[in-house]
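Following: one structure in structure tokens, then a few remarks.
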Amino acid sequence: MFHTTFYLRRLHSLVGLLALGLVLFEHIFTNSMAIGGPKALNGALAMMELIPHPIFVAIEVTCIGVPLLFHAIYGIYIALQAKNNPSHYGYVRNWQFALQRWTAWYLVVFLLWHVFYLRIFVKGITGTPISYELLQTYFTSHPVFTVLYILGMFAAIFHFTNGITTFCMTWGIAKGPRVQSVINVLSMCLCAVLCLVTLVFMGSYFI
Ligand code: HEM
């Protein structure tokens, strides 16, 4: 029983950092093409369409769907066991620990909405290709959705970058308090940069 929990925790940690981290970077990179306007984003999206459909779906299911489902389901189990007490202890790391859990809950709802609406309903069921024009109309006509999307991206970015520090602790990469705080500062700098890029590409739909 102890061994199963140990290996499941390690797998959860690896999947979060490597598989989902890669998906997050790819997502931010592709979406940041919107800064260059319709031609740049539609060009990047068209590149992905070059992959034969069955292979594309197989990649989506095995490289995104399965890792995300495992990480989310086991993550909910971990989060339900966590005791968040940031105001009691008041340390920055305690707040970060609590935020890791709160962003996880937001991500459960946000990712369900995002994947079901854009990927399954719009692209899958109605067969409408995702394009710059579609996203621009969607965001500019629903400002509340834009805010929820920005918050969803911020939640994913914080959850991932804070996860880099906890990953280094879990795996014994960062052993002493000094090296842990250096990794923490670097991770939070990455968090700030990725959040800024997100604000810029989301804002570009409104200019
Ligand atoms: C879909 C909802 C999600 C839930 C419920 C969730 C839940 C969790 C929880 C509870 C932890 C802390 C684990 C621990 O303390 O041992 C965690 C860690 C982590 N998560 Fe997530 N997560 C979700 C989505 C994501 C996404 C989208 C990413 C990547 C973009 C991600 C990346 C990570 C990373 C890198 C860690 C750190 C692993 C470690 O500490 O070793 N998670 N997640």
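These numbers were taken from a predicted model, which means no experiment stands behind them. What's counted below: heavy atoms across the whole structure, side chains too, no hydrogens, waters or symmetry copies. Order of listing sets the numbers, starting from 1, for every ligand and every atom in it.
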**Request:** Go through the steps for Tyr138 and Tyr205 under the test ring-ring contact (aromatic ring centres under 6.0 Å, His included), then give the verdict.
**Result:** CA-CA 10 Å; Tyr138 184 60; Tyr205 289 112; over 10 Å; no

Considering heavy atoms of the protein only, find what lies nearest to [atom] and give residue, atom and distance to 0.1 Å.
| atom | value |
| --- | --- |
| atom 41 (O) of ligand 1 | Ser13 OG, 2.5 Å |
| atom 40 (O) of ligand 1 | Thr166 OG1, 2.6 Å |
| atom 11 (C) of ligand 1 | His12 CE1, 3.7 Å |
| atom 10 (C) of ligand 1 | Gly75 O, 3.3 Å |
| atom 4 (C) of ligand 1 | Ala104 CB, 3.7 Å |
| atom 16 (O) of ligand 1 | Arg9 NH1, 2.9 Å |
| atom 29 (C) of ligand 1 | Leu20 CB, 3.4 Å |

Can [X] and [Y] be counted as having a side-chain donor-acceptor contact under 3.5 angstrom?
| X | Y | value |
| --- | --- | --- |
| Thr170 | Ser13 | no |
| Tyr149 | His114 | yes |
| Thr137 | Glu133 | no |

**Asked** Any idea which of Arg101, Gln81, His71 brings a heavy atom closest to atom 21 (Fe) of ligand 1?
**Response**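 Looking at heavy atoms only, the winner is His71.
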
**Request:** Nearest heavy atom to atom 8 (C) of ligand 1 wins, so pick from His27, His159, Gln100.
**Result:**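 Result: the heavy atom closest to atom 8 (C) of ligand 1 is in His159.
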
**Prompt:** Which atoms of ligand 1 have any heavy atom of Leu17 under 4.0 Å away?
**Reply:**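 Matching atoms, with element in brackets: 35 (C).
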
**Fill in**
Separation between CG (Asn162) and CZ (Phe167), nearest 0.5 Å, reads 14.0 Å

**Request:** Tell me which part of Leu111 gets within contact of ligand 1: side chain, backbone, both or neither, using heavy atoms under 4.0 Å.
**Result:**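 It is the side chain that gets close, since no backbone atom is under 4.0 Å.
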
**Message:** For the residue pair Arg119 and Tyr117, would you count it as a cation-pi contact if the rule is NZ or CZ under 6.0 angstrom from the ring centre and within 45 degrees of the ring axis?
**Reply:**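 That pair does not qualify as a cation-pi contact.
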
**Request:** Could you walk me through whether Gln136 and Phe206 pass side-chain contact (heavy atoms from CB on, under 4.5 Å), step by step?
**Result:** CA-CA 8 Å; Gln136 188 175 42; Phe206 292 81; over 6 Å; no

